[in-house]
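As the structure is a prediction and not an experimental result, all values here were calculated from the model. Numbering of residues begins at 1 and proceeds along the displayed sequence.
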Amino acid sequence: MSVWVTTDSRQVYMNVSGDVFVEHLNFLEQNMLKHLQYGYRRIVVNINNIGHLDHDGVHVFQYVREKMLKHGGELIIEDEKGKLAI
């Protein structure tokens, strides 16, 4: 798994690629949550290049989305078709 991150004054854009396994989930979760701690309230994650993502990975995105919502933010998951409701 690799994660490419860019930010601007309003949002964080993350591109996750490769296979996402259980051993990557803590890193992925912490990477998203640290931006929430830095004051960002909008994170866009592109999963277009993910080869494998199991149900534990989906739960990480759901958990981070709930955290973002509690702080007035949003987590947007997108693939080649657009936004996903995970």
Do [X] and [Y] touch side chain to side chain, with heavy atoms closer than 4.5 Å?
X	Y	answer
Arg65	Ile77	yes
Leu53	Val58	yes
Trp4	Asn49	no
Val16	Asn46	no
Val3	Phe27	yes
Glu29	Phe61	no
Glu78	Asn48	no
Ile76	Arg42	yes

Could you state whether Tyr38 and Met32 fall into the same hydrophobic cluster, counting links through intermediate Ile, Leu, Val, Met, Phe, Trp or Tyr residues with side-chain heavy atoms under 4.5 angstrom apart? yes

Any chance you could measure Leu36, atom CG, to His71, atom NE2, to the nearest 0.5 Å? 5.5 Å

What's the spacing between Leu75 CG and Glu66 CD if we round to 0.5 Å? 11.0 Å

Derivation and outcome, side-chain contact (heavy atoms from CB on, under 4.5 Å), residues Leu33 and Lys67: CA-CA 8 Å; Leu33 290 178; Lys67 286 281 206 186; 4.0 Å; yes

Which one of Val20, Val45, Asp79 satisfies the side-chain contact (heavy atoms from CB on, under 4.5 Å) criterion with Ile50? Val20

Residue Tyr63 excluded, over 12 heavy atoms near OH under 6.0 Å: no

Report the residues that fulfil side chain to side chain donor-acceptor pair (under 3.5 Å) with Gln30, sequence neighbours left out, ordered by chain and then residue number. none

State which residues pass side chain to side chain donor-acceptor pair (under 3.5 Å) with Ser2; sequence neighbours excluded, sorted by chain then number. Ser17

Which residues share a side-chain contact (heavy atoms from CB on, under 4.5 Å) with His35, sequence neighbours left out: Val5, Thr7, Val12, Asn31, Tyr40, Ile43

Is it the case that the side chain of His24 and the backbone of Phe21 share a donor-acceptor pair, with hydrogens and angles ignored and the cut-off at 3.5 Å? yes

Strictly distance-based, threshold 3.5 Å: is any side-chain N or O of Arg41 a donor or acceptor partner for the main-chain N or O of Glu74? no

Could you tell me how the ring of His59 sits relative to the ring of His55: parallel (under 30°), tilted (30 to 60°) or perpendicular (over 60°)? perpendicular

